[in-house]
Number of protein chains: 2
Amino acid sequence: MITKLLKDANCSSCTVRSRALFGSVDEQNVRLTQKYRDKHCYFSAGEILHREQNKIDYAFTLYSGCLILYNNLSNGDRQILRVTLPGDFVGFSRNSKGELPYSIKAVTDSRICLFFDANVLQMTSEHPEIAKRLIDLQLNDTVLCQQRLLNLGQKSSTEGLAYLIMELYSRIKVQSPKEFDFKTGETFFPLNQADMGDALGLTKVHINRIIATFKNEGLISCGHKKLKIINEERLSEIGQFDIGLIKDPFRHFS
Amino acid sequence: MITKLLKDANCSSCTVRSRALFGSVDEQNVRLTQKYRDKHCYFSAGEILHREQNKIDYAFTLYSGCLILYNNLSNGDRQILRVTLPGDFVGFSRNSKGELPYSIKAVTDSRICLFFDANVLQMTSEHPEIAKRLIDLQLNDTVLCQQRLLNLGQKSSTEGLAYLIMELYSRIKVQSPKEFDFKTGETFFPLNQADMGDALGLTKVHINRIIATFKNEGLISCGHKKLKIINEERLSEIGQFDIGLIKDPFRHFS
DNA sequence: CGACCTTTTGATTGGCGTCAAAATCTGTGG
DNA sequence: CCACAGATTTTGACGCCAATCAAAAGGTCG
């Protein structure tokens, strides 16, 4: 899928490095891992990078932009499983046939950098600290996923949406600080109302009504792909969102 | 929490080994890893092994029995995040303070074997193949968690329950084959109706009504902690459950 | 045998889905 | 710079799925 979209550039031109993957690795090792990185490529908003059940033989880090990972059901409904932001690592978890179990779509123009499987294998063997780093990234993803289970299973639609907004907003401030305008307090916000519905198992109509109440109550203001949270404390409270989840990642080795 | 419940025995007496953790490690190495294992201990049904936000400095494998990992909300509601079966590994993902973000409770009499953090650290350094195995276990857990997101977010209560039953049933057949009676087709089934409700975000009353329809339609029969699936194919279809998810785990290195 | 837990059943309520249409915004090309 | 097509947001009316409340029946275990 991705191969036909590969651009020529190799990764020596990448100026942004994968914070998530190499964050705990010292500078010398980062330079060493340079050689394991392969092609990087660009996608524009709306492009589908991968369709669930198709095979791939690489993983990648997101350099810029925003992707959603999702599953489709037979009736056409869609569940968003994860929203990835710059620095996130994507593309492990394949079955014996090499099939990745979710689809991937760019919600904004995005730039990724590929790591082919053979290179990941070699990299983790030669740099055990990177293997441990991979465990930790995976552990944290699992915790976030479990928190979303809690969100979908036990919270009301209002609580769930408050949580979703706070979680994404907090991650954007950490992972894409450039998108946050300190003058106005406005952040770029990648999801539209239909997307939020698909993340929470609600209809876009209902999402719209909840957002309307949030606006009325002076909690947020938002426009096209823009979000300003006016009362962060109250919104966190409604969503039972704990900022520690983002600021203090769950891990084991690092 | 666990320490005060520790029984004296050390792990040399363990006859069951952690299939999940050492499944891909050769016999010689398994014997080597023996030394990293610490105490093992027992819990009876209903005992709480750990309360969310408390600190621990070990992880463990479940040897026998069944545990649930869950979160409580402030209003008393509970979301079951994961049901662990023999062979499963539990207890990574802690934050900087060493806090594990979920509670753990034994739903049946259970036996676990501890690995203290220091030993896991040493073990993964000395046996890189175990580090990679840990990544894979974690990857598969994440995929299962994501499938439960799909379950909660997009499926009807009937579909969701069919999926839950099929998933647990299939995992029991693989991970606790002794619990499956080939003569009667009956399996031990650890969850009661309230638990299933807490796993799916539904009330026990509603679970009961759905189970009644499953019985009426001749799909299952069940009694106290016992389950017999009469029409496996149809139940899988209703739940949109794919047995490959269990039989062909998602992974990257092994 | 009795206390407690789990399952079962009924009646009523409300949250969110569904359907439909209008209003607004966005990006594109002339 | 405006016109237009398409996407996204907004609003309204109505219906249904699952929650809630309540109580009885059945099982399990000490």
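Residue numbers begin at 1 in each chain, while the letters A, B, ... track the order of the sequences.
Using a 4.0 Å cutoff on non-hydrogen atoms, the parts of residues 207-216 of chain A near DNA chain D are A:Asn208, A:Arg209, A:Lys215, ordered by number. Contacts between residues 193-204 of chain A and DNA chain C, counted as heavy-atom distances below 4.0 Å, involve A:Gly201, A:Leu202, A:Thr203. Contacts between residues 68-82 of chain A and DNA chain D, defined by a heavy-atom separation under 4.0 Å, are absent.
Taking the charged nitrogens against the carboxylate oxygens, B:Asp195 and B:Lys105 have no contact shorter than 4.0 Å, which rules out a salt bridge. Between A:Asp88 and A:Arg171, at least one side-chain N (NZ, or NE/NH1/NH2) sits under 4.0 Å from a carboxylate O, which counts as a salt bridge. Under 4.0 Å is where a charged nitrogen must lie from a carboxylate oxygen, and between B:Arg148 and B:Glu167 at least one such pair does.
For the pair B:Lys173 and B:Phe180, the distance from NZ or CZ to the six-membered ring centre is under 6.0 Å and the angle to the ring normal is within 45 degrees. Seen from the ring of A:Tyr42, A:Arg111 does not count as a face-on cation partner, given the 6.0 Å and 45° thresholds.
When each of A:Leu81, A:Val143, A:Leu144, A:Thr142 is checked for a side chain to side chain contact (heavy atoms under 4.5 Å, CB included) with B:Thr142, only A:Thr142 meets the rule. For the side chain to side chain donor-acceptor pair (under 3.5 Å) with A:Ser103, the lone residue among A:Glu52, A:His50, A:Gln53 that qualifies is A:Glu52.
Residues B:Gln154 and A:Asn75 have side chains that never bring a donor and an acceptor to within less than 3.5 angstrom of each other. Judged by distance alone, the side chains of B:Gln79 and B:Asn71 never bring a donor and an acceptor atom under 3.5 Å apart. In this structure, a donor-acceptor pair under 3.5 Å is present between the side chains of A:Glu47 and A:Ser44. A donor-acceptor contact closer than 3.5 angstrom is absent between the side chains of A:Asn231 and A:Glu217. In summary, the side chains of B:Thr187 and B:Glu179 do not present any donor paired with an acceptor at a separation below 3.5 Å, with no hydrogens or angles considered.
When atom types are taken as modelled, the side chain of B:Glu159 and the backbone of B:Gly239 share no donor-acceptor pair closer than 3.5 angstrom. The backbone N or O of B:Glu186 lies less than 3.5 Å from no partner atom in the side chain of B:Asp181, so there is not a single donor-acceptor pair. A donor-acceptor pair is defined here as one N or O able to donate and one able to accept, closer than 3.5 Å; no such pair exists between the side chain of A:Glu99 and the backbone of A:Lys55.
Aromatic ring centroids of A:Phe60 and A:Tyr58 lie 6.0 Å or more apart.
Interatomic distance, B:Leu150 CG to A:Ile80 CD1, rounded to the nearest 0.5 Å: 12.0 Å.
Running 5' to 3' along DNA chain D, contacts with non-hydrogen atoms of chain A at under 4.0 Å begin and end at D:dT8 to D:dA13. Boundaries of the chain B contact region on DNA chain C are C:dT6 to C:dA11, first to last in 5' to 3' order (nucleotide atom under 4.0 Å from a heavy atom).
Positionally, the nearest nucleotide of DNA chain C for A:Ser156 lies more toward the 5' end than for the other of A:Ser156 and A:Val205.
Inter-axis angle, ends of the helix from C:dC1-D:dG30 to C:dG30-D:dC1, five pairs per end, rounded to 10 degrees: 50°.
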